[in-house]
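Let me begin by presenting the structure, written as structure tokens, before commenting on it.
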Protein chains: 2
Amino acid sequence: MPVRHGATRDTILDAAEQLFSERGFEGISTRDIVKAAGVNLGAINYHFGTKERLGVEVYVRCLARVNRNRIARLDALEAAGGGRELSLAQVVEAFVRPAMADEKEPVSSGSNLMRLACRCFQEPNPELRKFIEEQFTEVALRFHSVILKVVPDLPAGELFWRMNFLIGALNRGQEIWLRFDRMPRPQGIDPVKPDFEGLIQRLVLFATAGLSAKCPIVG
Amino acid sequence: MPVRHGATRDTILDAAEQLFSERGFEGISTRDIVKAAGVNLGAINYHFGTKERLGVEVYVRCLARVNRNRIARLDALEAAGGGRELSLAQVVEAFVRPAMADEKEPVSSGSNLMRLACRCFQEPNPELRKFIEEQFTEVALRFHSVILKVVPDLPAGELFWRMNFLIGALNRGQEIWLRFDRMPRPQGIDPVKPDFEGLIQRLVLFATAGLSAKCPIVG
DNA sequence: GCGGTATGCATACGTTTGTTTGAAACGAAC
DNA sequence: GTTCGTTTCAAACAAACGTATGCATACCGC
């Protein structure tokens, strides 16, 4: 029945990705996964050992892709700029866009990439968090140093927190965008759902302003 | 044994609040809760019916307090201002501060209030989400209209998204602040953990800039 | 005092959980 | 065509899960 080597393994990863992104790691059972994947119950333990190791692999696979993409975009920007200084908006976009879509997973409201990139920050399981956080060290360092160059009068100590504010805004933006149609929207406000590019544009605008806010002179 | 009416019920609520805030709703069992609360296993079902209804009550109790506080702060600001226009920073602070501490729960790294106010946005359980989101309708409307007054050239359609960016930044800021000491911090960046007021100040600065960013002229 | 409602407790119920087992089916090598 | 390592399968495992039951105890108006 299996067509190629490792097919079952990948099927499980894909099914688990989808389910975890919707209900979280603790909210999904191994039986949910094998049923969705159409494979045997024993397959998870055979291929991954434990449910937790499967969880780690799902999240790491997704985040590695996103973060590789972020760095690639930054590299491309710097190469294209040829020594000229980048704009902060360009840098922020290079950070934001890969969390939303890439060549393998084009934009859609059913996008696993975006959904999982959100959920990875929301998993309370400490073991999972450990591996998830590891995926961000390289990207954090790269963007940190680039942004410091682009926003010269920003104290280094401030950037750490502002980067996290950006990450939070990104997550929340994604979450609301994905759930928009199924969400009880407060009447009297009547928000509109922008298309995908509109969301990025709004995020970039917000975060760019936030990142480059002048620090009040202390003392 | 019980000293006053409803003591067991409240003990359960407090214990569940603490545990849910750390591991999420799905990550905690009824047995975890009764053990932490020091009450009988049957007590949860007796007082709340189901685990899910206990979950709803825990989150609603916390959010009702936070959001009541937000509105009270806004009322106080408007009363004190006596018709003068508020500053955006004041409004943002009125939104941010109640999610971090109040008279019942002063600031500390063990603060349940802050931890739970974060987790409430991260629960994947749809039933829980429904009740959680309900808690925000009033506060959303109030702050929406106030901010529109304070940032006059902000298109109403934009504010919905920027408010959510603010919420995201707030959540992420809280989360990182709470976990700061137990977190693997990227070397080469060496961030410092501000005190509580410093966190609020940074959040207000970031969000104020983001909220009042000028929209690029389209067309 | 007494009756009745509200609460506490120990225990058990039926499911679902993650994981393990041992045998069957497979593909490639020889 | 037999062998061997790998993968799939149905079935079973013990443990943990949320919940229900039956009975003891407390409280309160009377």
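Quick note on labels: first sequence line is chain A, next is B, and so on, each numbered from 1.
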* Asked: Atom CD1 of A/Ile12 and atom C1' of D/dC9: how far apart are they, to the nearest Å?
  -> 13 Å
* To do: Establish, yes or no, whether the cationic atom of B/Arg185 lies under 6.0 Å from the six-membered ring centre of B/Phe180 and within 45° of the ring axis.
  => yes
* Asked: Between A/Arg53 and A/Glu127, is there a salt bridge with N-O shorter than 4.0 Å?
  -> no
* **Spacing of B/His47 atom NE2 relative to C/dT5 atom P, expressed in whole Å** => 18 Å
* Structure fact -> B/Arg53 atom CZ is separated from D/dT19 atom C1', nearest whole Å, by 12 Å
* To do: Identify whether the distance between the nearest side-chain nitrogen and carboxylate oxygen of A/Glu134 and A/Lys130 falls below 4.0 Å.
  => no
* Asked: Nearest to the side chain of B/Thr8 - D/dT6, D/dT19, C/dG8?
  -> C/dG8
* Asked: Is a donor on one side and an acceptor on the other found under 3.5 Å between the side chain of A/Lys51 and the backbone of A/Ile28?
  -> yes
* To do: Grab the CD1-P distance between A/Ile44 and C/dG18 for me, whole Å please.
  => 8 Å
Dump the pairs, protein N or O against N or O of nucleotides 10-12 of chain C, anything under 3.5 Å, distances to one decimal.
residue: C/dA10; atom: N7; partner: B/Asn40; partner atom: OD1; Å: 3.4
residue: C/dA10; atom: N7; partner: B/Asn40; partner atom: ND2; Å: 3.4

* Asked: Going by heavy atoms closer than 4.0 Å, what residues in residues 22-30 of chain A are next to DNA chain C?
  -> A/Ile28, A/Ser29, A/Thr30
* **Euclidean distance, atom OH of residue A/Tyr46 to atom C1' of C/dG18 [Å, nearest integer]** => 19 Å
* **Pair B/Arg61 + B/Asp14, salt bridge at N-O below 4.0 Å** => yes
* Is a side-chain N or O of B/Gln122 found less than 3.5 angstrom from the main chain of B/Gly24, in a donor-acceptor match? -> no
* **Under-4.0 Å salt bridge between B/Lys193 and B/Asp181** => yes
* Distance flag, aromatic centroids of A/Phe121 and A/Phe136, threshold under 6.0 Å -> yes
* Asked: Of all heavy-atom pairs between B/Phe143 and B/Val91, which one has the smallest distance, and what is that distance?
  -> CE2-O, 3.4 Å
* In whole angstroms, how far is the P atom of D/dT7 from the CG atom of A/Asp10? -> 12 Å
* To do: Identify which nucleotide among D/dT8, D/dT19, C/dG18 has an atom closest to any side-chain atom of B/Asn45, counting heavy atoms from C-beta outward.
  => D/dT19
* To do: Let me know the distance between CD1 of A/Ile33 and P of C/dT16, rounded to the nearest Å.
  => 17 Å
